[in-house]
Amino acid sequence: MQDIHPMPDKSTALSLYQGMVTIREFEERARREGDAGKPVGGIHSSVGQEAVAVGICRYLRKDDYVLGNHRSHHHCLAKGVDMKEMMAELMGKATGTNKGKGGTMHIADKNVGMLGANGVIGSNVPVAAGAALSAKLRGTDQVAVVFFGDGGANQGALHETLNLAAIWNLGVIFVCENNRYAESTPVEYSLAGGSVANRASAYGIVGETVDGQDVLDVSAAMERAVDRARAGDGPSIIEAKTYRYYGHHGADDPLRYRTRDEEEFYRNRDCIATFKARIIEEELGTGEELQEIDASILESLDEAVKFADESPWPDPQELVADVYVTY
Amino acid sequence: MQDIHPMPDKSTALSLYQGMVTIREFEERARREGDAGKPVGGIHSSVGQEAVAVGICRYLRKDDYVLGNHRSHHHCLAKGVDMKEMMAELMGKATGTNKGKGGTMHIADKNVGMLGANGVIGSNVPVAAGAALSAKLRGTDQVAVVFFGDGGANQGALHETLNLAAIWNLGVIFVCENNRYAESTPVEYSLAGGSVANRASAYGIVGETVDGQDVLDVSAAMERAVDRARAGDGPSIIEAKTYRYYGHHGADDPLRYRTRDEEEFYRNRDCIATFKARIIEEELGTGEELQEIDASILESLDEAVKFADESPWPDPQELVADVYVTY
Amino acid sequence: MTTTESKATERSRISFVQSINEAITQEMERDPTVIVMGEDVAGAPGKKDQGFEDAWGGVFKLTKGLIGKFGPQRVLDTPISEAGFIGAGVGAAATGLRPIVELMFVGFYGVCADQITNNAAKMHYMFGGKVTLPLTIITNTGTGAGAAAQHSETLYSIFTHFPGLKCVVPSDAYTAKGLMTAAIRDDDPVIIFLHKLLLGRTRAGLRPSEEYAVPEEPYIVPIGKANVVREGEDLTMIGIGYTTGLCLQAAEALQQQGVNAEVIDLLSLSPMDEETILESVKKTRRAVIVDEDYPRCSVASDISALIAEQAFDYLDAPPKRVTPPHSPVPYSIMLERLFAPTKEKVIQAASEVLEA
Amino acid sequence: MTTTESKATERSRISFVQSINEAITQEMERDPTVIVMGEDVAGAPGKKDQGFEDAWGGVFKLTKGLIGKFGPQRVLDTPISEAGFIGAGVGAAATGLRPIVELMFVGFYGVCADQITNNAAKMHYMFGGKVTLPLTIITNTGTGAGAAAQHSETLYSIFTHFPGLKCVVPSDAYTAKGLMTAAIRDDDPVIIFLHKLLLGRTRAGLRPSEEYAVPEEPYIVPIGKANVVREGEDLTMIGIGYTTGLCLQAAEALQQQGVNAEVIDLLSLSPMDEETILESVKKTRRAVIVDEDYPRCSVASDISALIAEQAFDYLDAPPKRVTPPHSPVPYSIMLERLFAPTKEKVIQAASEVLEA
Ligand SMILES: Cc1ncc(C[n+]2csc(CCOP(=O)(O)OP(=O)(O)O)c2C)c(N)n1
Ligand SMILES: Cc1ncc(C[n+]2csc(CCOP(=O)(O)OP(=O)(O)O)c2C)c(N)n1
Ligand SMILES: [Mg+2]
Ligand SMILES: [Mg+2]
């Protein structure tokens, strides 16, 4: 963690800003659509954690791989999954990324390197190692990133995969979004030793802790990790300290297990607000410019919802299609 | 690891000696019985690793728990399982520890705290935490020890259990018998970071590496670990550097993956031979006394084999008995 | 009289969830060796001094209130380490406790199957009967919540496959309490499968209200016994948990057409009450089996095979299974509703069997 | 002629293990994306500079010699981390490789079931068909080696339960090579189950020698097709892998008694060749199903149910299953030999079906 990172050039700054706002607004819109009775699924909102996804994806190429968990809308959007198709997927429409068959916890789009969210905690971690192995054997320098939570850190599959990636020197970057809770369970209770990044030393690999509310701190660590991965110097852990603003999912009231003060503390360090302030302060963009970005995002979201609304339901035949390639 | 430990008093020294020779001779005898065509099962011989089991069990009470793995004859004997019943179990007889239904990889005797060997790598690790949890809730200071190999160190269940035992402050002692190989796979290849004991720091617990060929070095670390466990100071890892003299199992020729030189190196530091030399050197026992111990062990083994030979096969009804308590 | 009546009314409104919760509470009161472990079974662990406790009480509130009564020693929130804590349940069961562990959704079995099928199921046998494992596993199943392929499975068939495990599936609040109590008291490992769509239901969901009030005092629904919940002569419909309700609804509809269906609420998959099934089918000579688990190698297959082999000479028609297709659970609500058995599909199957 | 003949003789002596090995070798030659992962699939990893390589070639030598031909990039020894490396197989399969992974004994499935049934089985479906998973899992099964409850299971029934997986079970060296080749080339995840007692066998174990020599050139035994390995009219016996041999032996014995049994070698459990089964049973009107997996919710149940439901009107007797009891596998050789189906048990069952 570094105190203050210098701001990047204007276009990068605006693109990071845009990335974060896109996620925030997508989540808020999906939430509202759900409240209005549309079947968007039991969304695990990523609001509050935008900087992690955007910071991590900043140094990824389209052909790099990302694997997510149950809370993955931000990963998908940051990796470039189409917003319209995502919205259609949430609503279970035929035009969705997954033809409406996966939903919020399983969004995937291989064309942009998003190899899938996954509803089982820890389950995607080994899969990421396989993607990195495949890149290595195919002789490319693609890297694979897998996101998991502070709760996910205690699944056995993570341990096995850290070891495997280390001995095989795979280009996997293990990103822990430590948002302090797994459902209602605080990380202080569940995580022996208190740090996911420090567990790296057990495997002889590099682990870094970053401020997950600062997109530049996240991306700085990511740049180092990607360089190592592409150079064949093996895997890394990045633990991003972050916070989810809402409950675990729509029906969860987080004030049953955390204080309003704590929430305020994090909201006061909001990743978008602070980054926006710096853009303006350092004159990389004007308030109007940023408003234009916001407006165009909102417009895209209107289009996405319209697209999803107007899209057809999957054909009943889809129930039994895609179980196999051939059977 | 400490260079030279002072020898204990005479009776302790002789009892440690006896414990190790018992294991060695039991294994050699079982092996010979197998070679002679008796159905002793695919034994994973513990010859070479006797000091680990005996050193660990030195500070255990009868009511403490031990959980083993696939290579567990030494654990059983060191914890006090009856040799006759063990031999009968190997031969699948009704008088065996498990009524002939478990065999070499599943020997258990709850009466002496041996909660079972286990054929699945890593599988018994969480079970040990459960035994320790139960002791804690029942308000006793019993500890639970689980043995696993260098290969077993890479199973996910170990990670989960280390974390669990640490946050719940359980009296579990995780003993890794690092005998340098998992089947034909060298630990240098399989174990990222190179040390199991060092992984303790990831969980904020104590890890120690000991010379597994020195029963006193093992037991010294164990005394510390048991004290911590009984005092409610939580779990520990003990990694014992040791060596198996034979192949992975009876049919394995270890010279396909390791040198004779390496084998010689370890055999020259044999845990029994070196301890015996010190007993004599420090005049804790004479050659004759030790020979007497040896002889009585061999005699017990003759009796054990006779007992096993003469014991009846399980009744055919046993095939379907003990599946449930009630059904 | 009024008090008794209103008491009965109240007890008849007890939901499935409350009923499970009551069973656990009563057994924990009765037996100090009963403990509960699982993710967020209380919630906000370690935060009592900050004024937080029992924040969740389990994902479906099955364990709500327990920590207040029994404290964090006996109600243990766990990390997301199912192999770790279910394995710990095995070890605790082998050493004097009666642990209840929650596997949040049955689809997560894959991260801890080793502890369930290699340890819990086999230790009693492998150890020659010398160790017992009074472990209860609670798990949640079923489609109907738009939760997609990994969070909507049924899967009791794969556990029924393993010798050494007992598997039970309550169908309403009454059987939920009774089977839960029986499971906790049982000396073998028992898995109790709870269908999401039943959880909020009162007993009236399955059978008419007050006379079927859930008793306050502890009671047992015996493991291994099926219930004939509706008598009839024209065909036998066999339901499991949630699908028993579908069978009853279908039976009502068929009654309009003059068909009198018998409905069996299976309740227990392992052991399975073969006698009740066979007796009924020998009487009605026709059988429809309704199951939400995947069709291949399933409890439905087992029942069909049982009937075919043991009641062959009595049958007027081959048995018929109503199950999902051989396909994962789709997300889209429009597809999901085509997946599981419905009342209409049961009626359709019954008609086919009656015409055969 | 002599060279050809001796070649044929030689090829007829190829064992089951060699046959699998040859299939993998040929596919690796043909397709550079095929890789192999597993514990000690080569052995002595990292020790080549000390003169060690290919120390094991797999616990049963299924992968012996591969590392010499294809190097450690394509033949990867793994730590004992099945969830890790089978999950890596899923990821590699999703990104352009065709991994073959070995799960040493099927009973170890419990430490990696999540990767197999939640990821490999469901991803293609959950992702709307946009990702394919050409993953092959080899695993070893069966009793007969005194290896007790955890190392002797069969368990293909639980994988057959899951939509999205294909399951195949070769019965001899010929079908081993052909199914292995088919599995590797298949675009879906396929599990191939190899029975310990078959591994050392030459093809002659199942059918008479030279004319059935295992072809040298690559070939496919199609997934989803059963073989009628013996024609007959009096009853149908259905075998799976190892038990097909038992059926053939029983059929020979029954021939002495003037009974002419048809024997089906099922080969593929998912998809299952229902047509071949039904056609045969409709002809013979009687069926015996022989399976070494546990009896409950099993392939045997499935087949029995299939026959009962689809061939009901043709049957002269109810189908009969020959399986182990509902019990774990005991260690003692005297108990173990009572566990699995035997030729005698098959004959006994056939007699009962014929008398019914
Ligand atoms: C194996 C498994 N166990 C339990 C769950 C239920 N579950 C879903 S999300 C969650 C909490 C995850 O916490 P964390 O990893 O910190 O991620 P976050 O929700 O905070 O993003 C749990 C327990 C699951 N999906 N998979
Ligand atoms: C989950 C699982 N995977 C694989 C095996 C097969 N296996 C048995 S022993 C063994 C090697 C174990 O090595 P290690 O843990 O170092 O113990 P050691 O044999 O050296 O005592 C393996 C791979 C198993 N029993 N269980
Ligand atoms: Mg979290
Ligand atoms: Mg070892």
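First the proteins, then the strands, lettered A, B, ... as listed; each starts at 1. Every value quoted in this text rests on a predicted model; they were computed, and no experiment measured them.
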Heavy-atom pairs under 4.5 Å with chain C, option from A:G122, A:A192, A:P186 with the top count: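 When all of A:G122, A:A192, A:P186 are compared, A:P186 has the most.
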
Using a plain distance cut of 3.5 Å, could you tabulate donor-acceptor pairs between chain A and chain C?
| residue | atom | partner | partner atom | Å |
| --- | --- | --- | --- | --- |
| A:P39 | O | C:Y331 | OH | 3.4 |
| A:V40 | O | C:Y331 | OH | 3.0 |
| A:G41 | N | C:Y331 | OH | 3.2 |
| A:L90 | O | C:Y331 | OH | 2.5 |
| A:G92 | O | C:S332 | OG | 2.7 |
| A:G100 | O | C:S332 | N | 2.9 |
| A:K101 | O | C:Y331 | N | 3.2 |
| A:N118 | OD1 | C:Q150 | NE2 | 3.1 |
| A:G119 | N | C:Q150 | OE1 | 2.8 |
| A:V120 | N | C:Q150 | OE1 | 3.3 |
| A:N154 | O | C:S81 | OG | 2.7 |
| A:Q155 | NE2 | C:I80 | O | 3.0 |
| A:Q155 | NE2 | C:E82 | OE1 | 2.6 |
| A:Y181 | OH | C:K47 | NZ | 2.6 |
| A:S184 | N | C:D40 | OD1 | 3.0 |
| A:S184 | O | C:A44 | N | 3.1 |
| A:S184 | OG | C:D40 | OD1 | 2.7 |
| A:S184 | OG | C:A44 | N | 3.0 |
| A:T185 | N | C:D40 | OD1 | 3.3 |
| A:T185 | OG1 | C:D40 | OD1 | 2.8 |
| A:Y189 | OH | C:D77 | O | 2.5 |
| A:D252 | OD1 | C:W56 | NE1 | 3.3 |
| A:R256 | NE | C:A55 | O | 3.4 |
| A:R256 | NH1 | C:A55 | O | 3.3 |
| A:Y257 | O | C:K47 | NZ | 2.9 |
| A:L319 | O | C:S327 | OG | 3.0 |
| A:Y324 | OH | C:H326 | NE2 | 3.0 |
| A:Y327 | OH | C:H326 | NE2 | 3.4 |

Closest approach of A:L255 to C:F52 (non-hydrogen atoms, all atoms of both residues):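 Heavy atoms only, the tightest pair is O-CE2, 3.2 Å.
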
Qualifying residues under salt bridge (charged side-chain N to carboxylate O under 4.0 Å, His left out), relative to A:K306, sequence neighbours excluded: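 Expected list: A:E310.
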
Pairing residues for A:F147 by the ring-ring contact (aromatic ring centres under 6.0 Å, His included) criterion, not counting sequence neighbours: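 Testing A:F147 for ring-ring contact (aromatic ring centres under 6.0 Å, His included), a comparison that skips the adjacent residues, returns A:H75.
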
Partner residues of A:Y266 under the ring-ring contact (aromatic ring centres under 6.0 Å, His included) criterion, sequence neighbours left out: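 A:Y266 satisfies ring-ring contact (aromatic ring centres under 6.0 Å, His included) with A:Y243 only.
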
Under 4.5 Å from any heavy atom of chain C - which part of A:L191: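 No part of A:L191 comes within 4.5 Å of chain C.
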
A:V187, part contacting chain C, at a heavy-atom distance under 4.5 Å: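 Neither the backbone nor the side chain of A:V187 comes within 4.5 Å of chain C.
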
Separation between CD1 of A:I121 and CD1 of C:I80, rounded to the nearest 0.5 Å: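 CD1 of C:I80 is found 5.0 Å from CD1 of A:I121.
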
Winner by heavy-atom pair count (cut-off under 4.5 Å) against chain A, out of C:A83, C:P45, C:A148: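 Ranked by heavy-atom pairs under 4.5 Å with chain A, first place is C:P45.
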
Which atoms of C:A145 approach chain A - backbone, side chain, both or neither, heavy atom under 4.5 Å: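 Looking at C:A145, nothing touches chain A.
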
